[in-house]
There are 2 protein chains.
Amino acid sequence: MKREENKSGCPINYTVEILGDTWSLLIVRDMLALGKKTFGEFLESEERIGPSVLADRLAHLERKGILAKTPSETDRRKMIYSLTESGLNLIPLLYEVSSWGSITSPNPAAPDSWFEAMKHDKVLVQRLWREAVEAGSSFFLGPDSVVAKLGLDV
Amino acid sequence: MKREENKSGCPINYTVEILGDTWSLLIVRDMLALGKKTFGEFLESEERIGPSVLADRLAHLERKGILAKTPSETDRRKMIYSLTESGLNLIPLLYEVSSWGSITSPNPAAPDSWFEAMKHDKVLVQRLWREAVEAGSSFFLGPDSVVAKLGLDV
DNA sequence: AAAATAAATTTGATTATCAAAGTGAAATAT
DNA sequence: ATATTTCACTTTGATAATCAAATTTATTTT
């Protein structure tokens, strides 16, 4: 994938040039859905991304303004990755990516609470998702998670 | 991109493994937004896809059940590509891809009618978009286009 | 002081992508 | 009827991305 080009000004092409690869959206998913924040946590993803590709994708997403990197205050080896405003704005997109995969895949594997959440109004779920992340939680985890607010996974 | 793998059952990963590349969503865009149907029309896209990559992506999307290929009845050289039900179901995803690109890109280039449409209720626009394609039109073109139904581009 | 942990980087092989040229069948023009 | 054009690809050879595995450097824990 010859990245960094500017093949056209089409907004769809813009998004695809930033996120159209195998790993970028999975990293964003790990942040938005599971609250992952460190290199080591991303390395442990279900899909087994390698460290060289991970480092490359994180640098790419940082340069494109999707996420930011700050040193941990408690452990100076660690870097903390967090989403920018543009990264948070990916919630509706990620919701539709997950939704299409859920209805199209012959055997989608996700927590039951995801499939339960899909039965609710999508605008509501997407708003709760943003509020969860802004409060330091994520879709599935934390006291302000979508799962907690909707009373799923009880 | 080592395609055809099954790295996990995650619905997001499922979608990304099918559509996570530079060209697949642009082909779907050309079909849904502009009503393109033939190899030659896709070749003329703004982003200048080459014939070898186009042939590969079309075969990929056909094998994944996003589109179908039938010989033209009027010209036996031509193949007509059309979207399947799964392909039509990409409308909400493509809408969000375009929406994120529109608010994130520093200089998005699209017809004014797209930006006008974004001001309307997204569920309405997505429903009109599907109806347009089902009626043989597309987002921008044809008597049943979204643009026509919303009275944009007058 | 030694061992473990964290965030990457390096290496060398495999795979995808690219632009440019070429192919064969069917339609159109002469 | 013949020549030319159109159309949907395929082939080719170079460039670029991706991969798993091993290594490096700095920090933290034992």
Side-chain angles (χ1 to χ4, degrees), chain A residues 1-8 13 16-27 30-31 34-64 67-82, chain B residues 1-8 13 16-27 30-31 34-64 67-82:
Chain A
M1 188 166 308
K2 194 177 296 180
R3 205 152 294 282
E4 310 315 327
E5 289 193 76
N6 205 300
K7 294 193 290 295
S8 83
N13 182 58
V16 165
E17 286 190 353
I18 292 178
L19 298 169
D21 66 67
T22 312
W23 298 107
S24 292
L25 267 182
L26 297 181
I27 293 170
D30 282 353
M31 299 180 81
L34 302 173
K36 293 188 182 180
K37 285 172 164 17
T38 67
F39 198 92
E41 287 174 330
F42 296 127
L43 268 188
E44 287 162 7
S45 78
E46 205 181 351
E47 292 86 6
R48 312 307 315 177
I49 189 172
S52 58
V53 176
L54 176 57
D56 179 70
R57 284 315 65 198
L58 286 171
H60 167 74
L61 291 171
E62 190 189 2
R63 228 158 20 77
K64 291 298 180 179
L67 48 81
K69 179 183 178 180
T70 56
S72 164
E73 306 206 337
T74 60
D75 185 337
R76 277 180 306 191
R77 292 170 301 181
K78 284 190 183 175
M79 289 291 175
I80 304 297
Y81 293 91
S82 58
Chain B
M1 188 167 309
K2 194 177 299 178
R3 208 150 290 283
E4 309 316 326
E5 289 194 75
N6 206 301
K7 294 193 291 295
S8 83
N13 182 58
V16 165
E17 286 190 353
I18 293 178
L19 299 170
D21 65 67
T22 309
W23 298 107
S24 293
L25 267 182
L26 297 181
I27 294 169
D30 282 352
M31 300 180 81
L34 302 173
K36 291 187 182 180
K37 287 174 162 14
T38 67
F39 198 91
E41 287 174 329
F42 295 127
L43 267 190
E44 287 163 5
S45 79
E46 204 181 352
E47 292 85 7
R48 315 304 318 175
I49 189 172
S52 58
V53 176
L54 176 58
D56 178 70
R57 279 326 55 203
L58 287 172
H60 166 75
L61 291 171
E62 189 188 4
R63 228 156 22 77
K64 291 298 179 178
L67 47 82
K69 179 184 178 178
T70 55
S72 164
E73 306 207 336
T74 60
D75 184 336
R76 276 179 305 191
R77 293 169 302 179
K78 284 190 184 175
M79 288 293 174
I80 304 297
Y81 294 92
S82 58

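Proteins come first, then strands; the chains are lettered A, B, ... in the order of their sequence lines, and each starts at number 1.
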Rounded distance (Å) that lies between atom [atom2] of [N] and atom [atom1] of [X]:
X: B:Asp56; N: C:dT15; atom1: CG; atom2: P; result: 15 Å
X: A:Met79; N: D:dT27; atom1: CE; atom2: P; result: 10 Å
X: A:Leu58; N: C:dA8; atom1: CG; atom2: P; result: 7 Å
X: A:Arg76; N: C:dA8; atom1: CZ; atom2: C1'; result: 18 Å
X: B:Lys78; N: D:dA8; atom1: NZ; atom2: P; result: 6 Å
X: B:Lys7; N: D:dT18; atom1: NZ; atom2: P; result: 11 Å
X: A:Leu43; N: C:dT5; atom1: CG; atom2: P; result: 15 Å
X: A:Ile49; N: D:dC19; atom1: CD1; atom2: C1'; result: 11 Å

Nearest atoms (heavy-atom pairs only) where [X] meets [Y]:
X: A:Lys36; Y: A:Met31; value: O-CG, 3.6 Å
X: A:Asn6; Y: A:Glu17; value: CA-OE1, 3.6 Å
X: A:Asp30; Y: A:Ser45; value: OD2-CB, 3.4 Å
X: A:Thr22; Y: B:Val16; value: O-CG1, 3.6 Å
X: B:Trp23; Y: B:Arg57; value: CB-CG, 3.7 Å

ask   = So, is B:Lys37 near the phosphate of D:dC7, with a side-chain N or O under 4.0 Å from OP1 or OP2?
value =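 So the side chain of B:Lys37 is outside the cut-off, no N or O lying under 4.0 Å from OP1 or OP2 of D:dC7.
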ask   = Within the pair A:Tyr81 and C:dA6, is there a side-chain N or O less than 4.0 Å away from OP1 or OP2?
value = no
For the side chain of [X], counting heavy atoms from C-beta on, which of [options] is nearest?
X: B:Ser52; options: C:dC18, C:dT10, C:dT17; value: C:dC18
X: A:Val53; options: D:dC19, D:dT10, C:dC18; value: D:dC19
X: A:Asp75; options: C:dT10, D:dT28, C:dA21; value: D:dT28
X: A:Trp23; options: C:dC18, D:dC19, C:dA26; value: D:dC19

task = Classify the nucleic acid contact of A:Phe42 as base, sugar-phosphate or nothing, counting any heavy atom under 4.0 Å across all strands shown.
result =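 Here A:Phe42 touches no strand at all.
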Restricting to nitrogen or oxygen on both sides, can you table the protein-nucleotides 2-6 of chain D pairs closer than 3.5 Å?
residue, atom, partner, partner atom, Å
D:dT6, O2, B:Arg77, NH1, 2.3

request  = Without swapping roles, check the side chain of A:His60 against the backbone of A:Leu19 for a donor-acceptor pair under 3.5 Å.
outcome  =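 No: the side chain of A:His60 does not pair with the backbone of A:Leu19.
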task = Kindly say whether, by distance alone, the side chain of A:Thr38 makes a donor-acceptor pair under 3.5 Å with the base of C:dA7?
result = no
key: Gap between atom NZ of B:Lys7 and atom CG of A:Leu26 - 0.5 Å precision   = 6.5 Å
